[in-house]
There are 2 protein chains.
Amino acid sequence: MGEGNIIITTTATDGRRTDTRDRIRATALEIFSERGWEGATLREIADRLGITRPALYYHFASKEAILDSIHDELARSVDEIIEWAGTQPTGAATRASVLDRLSALMVGQWGPFMHFAQREDDAMRALKGTAAFIKRMNALGDILSPEDTVAARIRARLALDALFMAGARSERLGGTQTERHEEALTIAKQLTR
Amino acid sequence: MGEGNIIITTTATDGRRTDTRDRIRATALEIFSERGWEGATLREIADRLGITRPALYYHFASKEAILDSIHDELARSVDEIIEWAGTQPTGAATRASVLDRLSALMVGQWGPFMHFAQREDDAMRALKGTAAFIKRMNALGDILSPEDTVAARIRARLALDALFMAGARSERLGGTQTERHEEALTIAKQLTR
DNA sequence: GTCTATAATACGATAGAC
DNA sequence: GTCTATCGTATTATAGAC
């Protein structure tokens, strides 16, 4: 809830880490993406960090609090895009720019997490953080629909899917990671034209 | 493995049900679709059927065996489509027919389950049944790609996503269920042209 | 800030009566 | 074919020492 999103590895003078909270979030993001919400265990997060489970509870009150914290960080970036779109005239150019900005997020570390959050949609509707994510995805779907028809809404959702597809594990599509992102972006723009 | 896929409710002369195995599969399909693999519990399946957890074990050896049994039934339908495509000349007309046949599966009871199986892809790679499902989805992706490029493979995957989207919970897209299926099919055909 | 030890709960699965 | 009772193991989470 409001932490910075730049992770800098530091050590105190006695050698103890002082960035454990950020390291927990980074590792949890990996494991949520790999295993899904139910499949991800605090044991695995702790083990991968080389600490014990109780130590996690010093930094976060619950498993859900870790997810919420990760989501808060992503939400700021997505909200920026949504708010920016609100200041622009509706049109194909604005939709293309929104897709450009979203694609940039996917290329970074958010690709696997957005894939996770999207895939867990109904299973996780109960989770506060993810419910908010779904609302943001719906807002993006509305922004990306050129007109108010079922077909346009399906196409807008597919445009988002295209970006997610390139952002997540997608080696089977062939080509380089960069190539996949570029092609997905091109197709997404065609779908929202 | 090898049971019929038509569920007929019958009762023996003393009033006991004789179709519990099929009822378990139908209910499990619902709950897997709603909650995902880890989120689905045998407790909920049993409760919804009005029986106890141990009673499930009379019909299936394990939770995984239930999933495998459901998957076997779907696999026969998907394999029919894949095999039929193999006998046809490659071309836009064949791809459109494959999409028609897949869409017909989605309109039936398989839509939510295909959404489930697709979404659980990496979390469930360990599960025998789902691993086989992923292989079939990859085969369909190949069949639906007009050429051997990254862009074509992304478009083929999005065509499948469009059908899945209409088949699963998708009320937010507006329109009627029939309308959503028709529009999704049209878009899918455009993507694989 | 991290540890050991443990509580409380839920899970999948089994044994054996009926 | 379904039940009651239970086992063994995992989970999230907490208490209190250091």
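All heavy atoms count here, side chains included; hydrogens, waters and symmetry mates do not. So that the names make sense, note that chain A is the first sequence line, chain B the second, and so on, each numbered from 1.
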Distances for protein N/O vs nucleotides 12-15 of chain D N/O pairs under 3.5 angstrom?
from   : atom 1 : to    : atom 2 : distance (Å)
D:dT12 : OP1    : A:L42 : N      : 3.2
D:dT12 : OP2    : A:L42 : N      : 3.3
D:dA13 : OP2    : A:Y57 : OH     : 2.9
D:dA13 : OP2    : A:K63 : N      : 2.8
D:dA13 : O5'    : A:Y57 : OH     : 3.2

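Evaluation of the salt bridge (charged side-chain N to carboxylate O under 4.0 Å, His left out) test over residues 131-147 of chain B, restricted to residues two or more places apart or in two chains, returns A:R172-B:D142, B:D79-B:R136. Pairs of residues two or more places apart, or lying in two chains, that qualify as salt bridge (charged side-chain N to carboxylate O under 4.0 Å, His left out) and include a residue from residues 42-52 of chain A are A:E30-A:R48, A:E34-A:R48, A:R35-A:E44, A:E44-A:R48.
Taking atom CG on A:D47 and atom P on C:dT2, their separation rounds to 15 Å, with Å as the unit. The nearest whole Å value for the distance from the CH2 atom in A:W37 to the P atom in D:dT11 is 14 Å. Between the CG atom of A:L49 and the P atom of C:dG1 there is a distance of 15 Å, rounded to whole Å. Nucleotide D:dT11 holds its P atom 11 Å from the CD1 atom of A:I45, rounded to whole Å. Whole-Å rounding puts the B:R21 CZ to D:dT2 C1' distance at 17 Å. For the pair A:Y58 OH and D:dA17 P, the computed distance is 18 Å after rounding to whole Å. The distance from atom CG of B:L67 to atom C1' of C:dG12 is 15 Å, rounded to the nearest whole Å. Here D:dG1 presents its C1' atom at 14 Å from CZ of B:F60, a figure rounded to the nearest Å.
Applying the 4.0 Å criterion to OP1 and OP2 of D:dT2, one finds that B:T52 has every side-chain N and O outside that range.
Taking hydrophobic clusters as Ile, Leu, Val, Met, Phe, Trp and Tyr residues chained together by side-chain heavy-atom distances below 4.5 Å, A:W84 shares a cluster with A:L144.
Scanning for side-chain hydrogen bond (donor to acceptor under 3.5 Å, both in side chains) contacts around B:R155 gives A:Q190, with sequence neighbours left out. With sequence neighbours left out, B:K189 forms a side-chain hydrogen bond (donor to acceptor under 3.5 Å, both in side chains) with B:D100. Residues that satisfy the side-chain hydrogen bond (donor to acceptor under 3.5 Å, both in side chains) test with B:R180, not counting sequence neighbours, are B:S170, B:Q177.
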